[in-house]
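Encoded as structure tokens, the structure appears first; notes follow it.
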Amino acid sequence: HVLERPQGVRGLILSSAPVSVTRWIDDAAMLRAALPPSVQATLTSHERGGFFTCPEYLGAVAEFYRRHLCRLMPWPDCLERTMAGLSAEVYTAMWGPSEFGPVAGALRTWEMARRLPEVAVPTLVTVGRFDEASPAHMAELAAGIPGAELAVFEHSSHLAFLEEEEPYLARLRSYLAKVDPQ
């Protein structure tokens, strides 16, 4: 736990990490409102009925993911494997049945804004321009941590490390050389 200042930690990289579940859900609502009306209607009707595993609902969520999780087409094999092996049971326990809330799982009260000043190691915050973790949300995260740096990847969504692999790795190498100049 980085707030306990573990020995040997020289830096921290936070990639699209939410400061607040409330803010994350607000951002998701804004992005959802920009989806085509038919996709929004599918999401709403299925959520009202509790039909979260219905193929039609999952297809509407997939449209959101194509815009805000990974914009590469087709998705890389590593992401396909991840999504295929994702445990719905664990996701639901942590978050709830819907990407869009309300968050009913263990993370429902995740609010870290007041603790950000306690982070006492150099920090890099990364985000994609089209990320479900909005650049504004990640700018707030970076602003809350003393001396933190923000890197926005202009052609990416949530998975900038896949969508802009070389620029992402170059930025990480630069940051790591600064915090651990061996």
Side-chain angles (χ1 to χ4, degrees), residues 2 10-36 39-40 42-43 57-88 90-91 94-96 98-101 103 107 110-113 116 119 121-145 147-180:
V2 75
R10 296 184 183 167
L12 177 64
I13 299 168
L14 299 172
S15 296
S16 303
V19 172
S20 160
V21 163
T22 302
R23 176 61 190 271
W24 184 276
I25 292 300
D26 289 348
D27 287 349
M30 183 177 63
L31 296 172
R32 178 177 169 156
L35 292 171
V39 174
Q40 292 180 54
T42 298
L43 292 169
Y57 181 77
L58 296 175
V61 172
E63 180 60 30
F64 179 84
Y65 285 167
R66 280 190 287 278
R67 294 167 184 240
H68 304 294
L69 178 71
C70 183
R71 297 165 62 89
L72 298 174
M73 290 303 280
W75 278 359
D77 287 345
C78 61
L79 179 54
E80 290 286 358
R81 282 190 306 276
T82 298
M83 296 303 279
L86 190 67
S87 170
V90 172
Y91 184 88
M94 296 302 294
W95 194 258
S98 173
E99 177 79 28
F100 306 103
V103 177
L107 292 173
W110 180 262
E111 303 290 333
M112 294 301 294
L116 294 177
V119 177
V121 295
T123 303
L124 173 65
V125 176
T126 69
V127 63
R129 175 62 59 201
F130 306 100
D131 203 322
E132 58 185 325
S134 74
H137 186 171
M138 296 303 96
E140 289 176 22
L141 171 61
I145 298 171
E149 301 173 28
L150 177 66
V152 179
F153 293 89
E154 295 296 333
H155 306 289
S156 297
S157 57
H158 193 61
L159 302 178
F161 59 90
L162 294 176
E163 296 166 284
E164 291 184 74
E165 181 178 1
E166 288 307 315
Y168 188 89
L169 291 175
R171 184 64 179 93
L172 263 57
R173 284 184 196 104
S174 169
Y175 168 75
L176 292 171
K178 187 166 65 172
V179 299
D180 190 16

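The figures here come from the full heavy-atom set of this structure, side chains too, leaving out hydrogens, waters and symmetry mates.
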Might you point out which heavy atoms bring [X] and [Y] nearest each other, and give the distance in Å?
X      : Y      : result
Trp24  : Ala133 : CZ3-CB, 3.3 Å
Val19  : His137 : N-NE2, 3.0 Å
Ala142 : Leu150 : CB-CB, 4.1 Å
Arg67  : Leu35  : CD-CD2, 3.5 Å
Thr126 : Ser15  : OG1-OG, 3.0 Å
Ala60  : Thr42  : CB-CG2, 3.9 Å

For [X], all residues meeting ring pair (Phe, Tyr, Trp, His ring centres under 6.0 Å), sequence neighbours excluded:
X      : result
Phe100 : Phe64
Tyr57  : Phe52
Tyr168 : Phe153

Salt bridge (charged side-chain N to carboxylate O under 4.0 Å, His left out): pairs with one or both residues in residues 18-36, sequence neighbours excluded: Arg23-Asp27, Arg23-Glu140, Arg32-Glu47

Flag side-chain contact, heavy atom, 4.5 Å: Ile145 against Leu14: yes

Min side-chain heavy-atom separation Val121-Val179 under 4.5 Å: no

Partner set under side chain to side chain donor-acceptor pair (under 3.5 Å) for Glu111, not counting sequence neighbours: Ser20, Thr22

Set of side chain to side chain donor-acceptor pair (under 3.5 Å) partners for Ser174, sequence neighbours left out: none

Backbone of Leu12 reached by a side-chain donor or acceptor of Tyr175 within 3.5 Å: yes

Which residues share a side-chain contact (heavy atoms from CB on, under 4.5 Å) with Ile25, sequence neighbours left out: Val21, Trp95, Val103

Nearest-0.5 Å distance that lies between atom CG in Leu141 and atom CE in Met112: 10.0 Å

Inter-residue atom distance Leu43.CG - Glu99.CD, 0.5 Å rounding: 10.5 Å

side-chain hydrogen bond (donor to acceptor under 3.5 Å, both in side chains) contacts touching residues 150-163 (sequence neighbours left out): Arg129-Glu154, Asp131-His158, Ser156-Glu164, Ser157-Glu163

Let me check something: any side-chain donor-acceptor pairs from residues 70-85 under 3.5 Å, sequence neighbours excluded? List them with distances.
from, atom 1, to, atom 2, distance (Å)
Trp75, NE1, Cys70, O, 3.0
Thr82, OG1, Cys78, O, 2.9

